[in-house]
Protein chains: 2
Amino acid sequence: MSEVLLDREAAQRYASWFRALADPTRVQIAELLARRREPMSVGQIVAAVGTAQSTVSHHLKILAEVRFVLVEPDGNANLYRINENCLTCFPTAADVVMGRPVAAPGEVPC
Amino acid sequence: MSEVLLDREAAQRYASWFRALADPTRVQIAELLARRREPMSVGQIVAAVGTAQSTVSHHLKILAEVRFVLVEPDGNANLYRINENCLTCFPTAADVVMGRPVAAPGEVPC
DNA sequence: ATCGTGTATCGTCGATTAGCGATGATGTTG
DNA sequence: CAACATCATCGCTAATCGACGATACACGAT
């Protein structure tokens, strides 16, 4: 019984989410995609954040690996958009780490 | 004038918070301290997480640098406790990055 | 087929990180 | 005083990271 600690598996999942946002450029990209809910091309994001194209592509890959953003090929340009599930499920993770009891214990929507 | 992007300063502050929780051991420590709202000694935390004492001390330093946890010397043992401000202010950061409009624009409690 | 555009990937650099044992600093207790 | 307990700090290693330019790939248009 006495589970004094968050189980390692959940801790690792949450840590991977936080690590995906552990860089200011990725925070800007995520916030940009989250506010503008429509898909954006890499070129648009590059123009917005002002770092090199290869670097932005790298950051988008990291954000996509944890499924914060979703990729959708559109002809030549690839489009990235925020994963709507994360809009609620990521702040919930922050709540859990801060000791807030999670409302529905059955879920893992992401 | 159309600020399409979260300003770099805020992005860096949020990224530093997320980076502090970008490790599963630190997630466990933070969640442990957040649930048990009372101060804990390093030895107690070491016993709970099961990694080396020097490693736990290192993680606590990282958590203290962003003021997620507060230090309080108590005789021989040093006591660590969660920063109560972060209980609300960190989930709020997660909301902001996920595009939620921040309620009170006057802020920065941490 | 050839060009041009838009992205992803590669290779590399310097910097940072998690982890550990060993050592050092500081305060408590006999 | 001397022994002890508690914790921080010091190397050290292996791994990861952010950033960039250069290159490769995929596709629409000519």
Side-chain angles (χ1 to χ4, degrees), chain A residues 5-6 8-9 11-30 32-33 38-81, chain B residues 5-6 8 11-33 38-81:
Chain A
L5 223 52
L6 188 65
R8 190 75 181 175
E9 197 177 353
Q12 228 147 19
R13 180 171 58 248
Y14 294 155
S16 74
W17 293 356
F18 294 137
R19 184 167 39 241
L21 292 177
D23 177 89
T25 300
R26 285 200 294 272
V27 168
Q28 289 184 301
I29 293 176
L32 172 63
L33 291 175
E38 293 179 8
M40 294 182 68
S41 72
V42 177
Q44 290 177 296
I45 301 173
V46 167
V49 302
T51 50
Q53 176 262 318
S54 61
T55 305
V56 170
S57 188
H58 174 228
H59 284 317
L60 285 171
K61 183 179 182 180
I62 292 177
L63 289 174
E65 275 170 356
V66 295
R67 297 186 58 80
F68 272 172
V69 303
L70 303 176
V71 201
E72 162 191 357
D74 168 74
N76 201 0
N78 273 21
L79 297 185
Y80 287 84
R81 68 179 200 273
Chain B
L5 224 52
L6 188 65
R8 190 74 182 179
Q12 229 148 18
R13 179 171 59 248
Y14 294 154
S16 74
W17 293 355
F18 294 135
R19 184 167 40 240
L21 292 178
D23 178 89
T25 300
R26 284 200 295 273
V27 167
Q28 289 183 303
I29 293 175
E31 199 268 351
L32 172 64
L33 291 175
E38 292 179 9
M40 294 182 69
S41 72
V42 177
Q44 289 177 296
I45 301 173
V46 167
V49 302
T51 50
Q53 176 262 319
S54 61
T55 304
V56 170
S57 188
H58 174 229
H59 284 317
L60 285 171
K61 182 179 183 181
I62 291 178
L63 288 173
E65 274 170 357
V66 296
R67 298 184 56 80
F68 271 172
V69 304
L70 303 176
V71 202
E72 161 190 0
D74 168 75
N76 202 359
N78 273 21
L79 297 184
Y80 287 84
R81 67 177 201 275

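Every chain is numbered from 1 and lettered A, B, ... according to where its sequence line falls, protein lines coming before strand lines.
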Worksheet item: Sequence neighbours excluded, which residues qualify as side-chain contact (heavy atoms from CB on, under 4.5 Å) partners of Thr55(B)?
Response: Ala52(B), His59(B)

Item to complete: Could you walk me through whether Leu79(A) and Met40(A) pass side chain to side chain contact (heavy atoms under 4.5 Å, CB included), step by step?
Response: CA-CA 5 Å; Leu79(A) 297 185; Met40(A) 294 182 68; over 6 Å; no

Worksheet entry | side chain to side chain contact (heavy atoms under 4.5 Å, CB included) assessment of Val42(B) paired with Tyr80(B) | CA-CA 7 Å; Val42(B) 177; Tyr80(B) 287 84; 3.5 Å; yes

Practice prompt. Name all residues meeting the side-chain contact (heavy atoms from CB on, under 4.5 Å) criterion together with Ala64(B); count only those two or more places apart in sequence or in a different chain, and write none if there are none.
Written response: Val69(B), Val71(B)

Discussion item. Quick check for you: name the first and last nucleotides of DNA chain C, 5' to 3', having an atom under 4.0 Å from a heavy atom of chain B.
Written reply: dA18(C) to dT28(C)

Worksheet item: Taking the side chain as C-beta and beyond, is there a heavy-atom pair between Val49(A) and Ile29(A) under 4.5 Å?
Response: yes

Fill in: Donor-acceptor pair, side chain of Arg19(A) and main chain of Leu21(B), under 3.5 angstrom
no

Discussion item. Looking at Leu5(B), is its backbone amide N or carbonyl O close enough to the side chain of Gln28(A) to form a donor-acceptor pair, meaning the two atoms are under 3.5 Å apart?
Written reply: no

Response to the item:
So the salt bridge (charged side-chain N to carboxylate O under 4.0 Å, His left out) pairs with at least one residue in residues 68-81 of chain B (sequence neighbours excluded) are Glu72(B)-Arg81(B)

Worksheet item: Side chain of Gln44(B), backbone of Ser41(B): donor and acceptor closer than 3.5 Å?
Response: yes

Item to complete: For the pair Phe68(B) and Trp17(B), name the ring-plane relationship: parallel under 30°, tilted 30 to 60°, perpendicular over 60°.
Response: tilted

Discussion item. Regarding Asn78(B), tell me which of base, sugar-phosphate or nothing describes its non-hydrogen contacts under 4.0 Å with the strands shown.
Written reply: sugar-phosphate

Practice prompt. Could you check whether Ile62(A) gets within reach of a base, just the sugar-phosphate, or nothing at all, counting any heavy atom under 4.0 Å?
Written response: sugar-phosphate

Fill in: Strand contacts (DNA chain D) in residues 21-30 of chain A, 4.0 angstrom heavy-atom criterion
Asp23(A), Thr25(A), Arg26(A)

Practice prompt. At the 4.0 Å heavy-atom cut-off to chain B, mark where contacts on DNA chain D begin and end, going 5' to 3'.
Written response: dA5(D) to dT9(D)

